[in-house]
> 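There's a structure below that I have some questions on.
Residue numbers start from 1 in every chain, and the chains themselves are labelled A, B, ... in the order their sequence lines are given, proteins ahead of strands.
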2 protein chains.
Amino acid sequence: MAVTIADVARHAGVSIKSVSNYLNDYPFMSDAMRARIAASVEALDYKVNASARGLRLGRTGAISLVVPELAQPYFAQLAEDVVVRAEHHGLHVSIEMTGADPQRELAYLAGDRGPQVDGLIMHAVGLARTSGEVTELRYPTVLIGDEIAAEGCDFVTMAHEAAAAAAVGYLAARGRTRIVALGAERETDAPSGARLRLDGYRGGLEDAGLAAAPELLVPAGLWRIGSGRQAIEALIDAGVEFDGVVGFNDSLALGAISALAHAGLDVPGDVSVIGFDDIDEAPFASPPLTTADPSRHVLAQTAVDMLVERIEGESGPARRVEAPFHIVERASA
Amino acid sequence: MAVTIADVARHAGVSIKSVSNYLNDYPFMSDAMRARIAASVEALDYKVNASARGLRLGRTGAISLVVPELAQPYFAQLAEDVVVRAEHHGLHVSIEMTGADPQRELAYLAGDRGPQVDGLIMHAVGLARTSGEVTELRYPTVLIGDEIAAEGCDFVTMAHEAAAAAAVGYLAARGRTRIVALGAERETDAPSGARLRLDGYRGGLEDAGLAAAPELLVPAGLWRIGSGRQAIEALIDAGVEFDGVVGFNDSLALGAISALAHAGLDVPGDVSVIGFDDIDEAPFASPPLTTADPSRHVLAQTAVDMLVERIEGESGPARRVEAPFHIVERASA
DNA sequence: CTGTTAGCGCCTTCAA
DNA sequence: TTGAAGGCGCTAACAG
């Protein structure tokens with residue numbers, strides 16, 4: 001069996017309580033005692049047992065971040081931001097993946113999956129596309145990105161609609177008239193991020209006095225670079241004419257650029273492409289990707305901070321925060 | 001306070017032991033009892049307390065995966081592979097980041113950081129560059145990718161050297177004579193993956209009868225796309241001539257392609273570029289990236305399987321497995 | 001400043 | 001098949 005606090009106490013010739021005090025940085029302790037205990041901890045290679053402490057305190061010191069998939073650069077980069085901020089609060093982050101499966105998302109929210117934590121941050125893409133209320137919440141929870149019906153959850157979102165409209169406007173201002181919405185969903189009932197971006201796209205078109213054309217609404221399954229590439233290839237093969245693409249995320253936009261290059265089309269000469277997210281790779285594409293930046297850092301930081309407040313007992317009504325966006329001009333549009 | 005096993009027992013009118021049996025799928029139980037308990041669990045929304053169970057059993061059901069940074073696509077994608085395989089064993093994965101800082105890597109190995117788990121998988125880039133032995137290991141541990149001196153650890157690696165040599169050979173066979181090693185380290189004492197790739201590069205050069213030139217060894221800090229871009233830009237600015245680049249990972253190679261495109265150089269016409277990893281984005285670059293694929297899936301799967309064996313008591317000597325590699329031919333070289 | 005003690009929720013003997 | 005009791009390692013009263 002592992003070495004316990006009692007072993008340390010015995011070794012140091014002090015009481016268990018003193019060791020516990022030491023471990024928890026109790027301020028009123030003689031330096032001599034502190035040093036003696038430190039030496040014993042070192043000598044015995046003692047480590048606190050997190051299960052025992054967690055059982056006792058009813059707290060684990062960890063939160064979960066639940067995202068659809070890490071292989072999407074946006075989520076990987078968001079995860080880094082969340083980890084950094086959580087560390088700032090002395091919290092540890094457990095990262096979980098759902099594959100955008102609503103069942104798995106529900107299971108995480110209900111606490112039936114994943115490790116025991118003190119709170120949860122989730123970007124629920126799958127549930128956002130379904131409608132239906134989530135009632136079972138095991139932990140203090142902050143939802144990010146996509147809104148779902150869950151009572152009492154704080155929600156940190158981005159300017160899906162305004163940013164998408166601005167992206168369309170950006171292309172329209174450059175004379176583009178046949179603009180593809182890459183990532184548009186077929187089923188648009190629930191107010192998911194995808195749906196809001198589509199609404200923004202439509203609004204942007206209208207503002208610019210452009211007609212909406214159903215063949216320019218192209219869905220893309222999971223928003224990966226490969227899906228974007230395939231979708232645009234199919235569009236070209238189908239003979240659909242277009243001179244602009246709004247990728248509903250950067251991976252999709254990058255896939256579009258790849259397909260366009262493959263087809264021998266010039267970006268932005270023949271087709272302008274604009275993305276959404278401003279992932280780290282965006283500046284390095286050929287051409288560098290113009291994109292709508294929804295302030296990933298702000299989102300991550302706000303979500304963590306709000307969750308910490310909830311964990312510490314804040315019990316006010318559900319809050320809703322929207323991170324600002326801006327268009328990052330580069331060369332693809 | 002949360003609902004406990006005792007509450008469930010009371011609600012169902014059975015003993016605590018029976019509830020415990022139910023929770024642990026004890027086979028000898030009447031269906032009626034099982035159903036009754038299930039109903040109570042449902043009614044009370046009971047969740048087992050992982051801390052208590054962990055304390056009692058001395059096991060958490062989780063493992064940690066420790067990598068330098070998630071924003072590198074390779075590690076994000078590796079993480080997905082590990083999560084999928086771990087799930088197959090009923091294990092949960094906690095993902096941790098070190099920023100390639102040797103101190104943090106040590107802390108994870110010693111169990112001074114991160115959540116309590118049953119085992120650890122680590123890709124220790126920072127420590128691999130340092131030399132020195134790691135003696136404090138809190139958990140059963142499997143090292144992946146880069147080798148470090150740690151007694152008794154299983155180790156799953158990739159064909160760093162052979163793959164790098166093959167990459168150089170691939171370029172040489174296409175008539176390239178001035179080949180850059182992008183990601184080459186200045187300090188090359190410890191047998192890190194970076195060092196082995198450099199060794200392979202040198203061997204490949206020699207096999208091809210090509211001279212090594214110190215100005216073609218270019219370091220790149222963290223192996224991100226931005227570092228690759230910067231390094232190659234600097235090389236061009238410095239007036240160094242070269243007609244091939246071996247990126248020590250794909251992000252670096254992609255950065256090289258970006259720099260080359262920016263400088264108006266044709267890939268592979270003027271300069272051939274080959275990468276290492278075969279990340280998901282590689283096929284979608286312009287041009288599509290030729291790369292050495294070190295079998296990420298095999299590596300992830302093997303590492304998880306070996307760790308599970310260790311957790312389950314396997315106590316044989318440290319094992320060492322090398323995943324195979326092959327060159328994926330695309331258009332950049 | 002330091003020591004003693006009572007659980008936190010769960011699983012597992014042991015006995016029935 | 002079920003019930004009672006003990007203890008995993010830790011912290012927070014409560015005394016001293």
> Tell me whether Glu42(B) at atom CD has more than 12 heavy atoms from other residues, nucleotides or ligands lying less than 6.0 Å away.
no
> Closest approach to the side chain of Ser15(B), judged atom by atom: which nucleotide of dG3(D), dC10(C), dG9(D) is it?
dG3(D)
> In terms of side-chain heavy atoms of Ser18(B), which of dG3(C), dT2(D), dC10(D) is nearest?
dT2(D)
> What integer distance in Å separates Tyr22(B):OH from dT1(D):P?
16 Å
> Quickly work out the Arg36(B) CZ to dT2(D) P distance and round it to whole Å.
8 Å
> Using five base pairs at each end to define the local axes, how bent is the helix from dC1(C)-dG16(D) to dA16(C)-dT1(D), to the nearest 10°?
30°
> Over how many whole Å does the gap from Asp31(A) atom CG to dC1(C) atom P extend?
9 Å
> I want to confirm an ordering. Mapping Leu55(B) and Asn21(B) to their closest nucleotides on DNA chain C, which one lands closer to the 5' end?
Leu55(B)
> Surrounding NE2 of His297(B) (heavy atoms of other residues, nucleotides or ligands, distance under 6.0 Å), is the total greater than 12?
no
> How would you summarise protein contacts on nucleotides 11-16 of chain D per nucleotide, using B for base, S for sugar-phosphate only and - for none, with heavy-atom distances below 4.0 Å?
BBB---
> Roughly, in whole Å, what's the span from CG in Asn49(A) to P in dC8(C)?
18 Å
> Which whole-number value in Å describes the distance from Arg10(A) CZ to dG3(C) P?
14 Å
> Could you tell me whether a side-chain N or O of Glu69(B) sits under 3.5 Å from a main-chain N or O of Ala100(B), the two making a donor and an acceptor?
no
> Scan for ring-ring contact (aromatic ring centres under 6.0 Å, His included) pairs involving residues 107-148 of chain B, sequence neighbours excluded, and state none if there are none.
Phe75(B)-His123(B)
> For Ser51(A), which contact category applies under a 4.0 Å heavy-atom criterion: base, sugar-phosphate, or nothing?
nothing
> I'd like to know if Arg224(B) and Asp280(A) make a salt bridge, using a cut-off of under 4.0 Å between side-chain N and carboxylate O.
no
> NE2 of His160(B) to OG of Ser192(B): how many Å apart, nearest 0.5 Å?
8.0 Å
> Quick check on His89(B): does its NE2 atom have over 12 non-hydrogen neighbours (other residues, nucleotides or ligands) under 6.0 Å away?
yes
> Starting at CD of Gln72(A), measure out to CG of Leu78(A) and round the result to the nearest 0.5 Å.
11.0 Å
> Name the one of Arg320(A), Gln301(A), Met306(A), Glu322(A) that satisfies side chain to side chain contact (heavy atoms under 4.5 Å, CB included) with Val156(A)?
Met306(A)
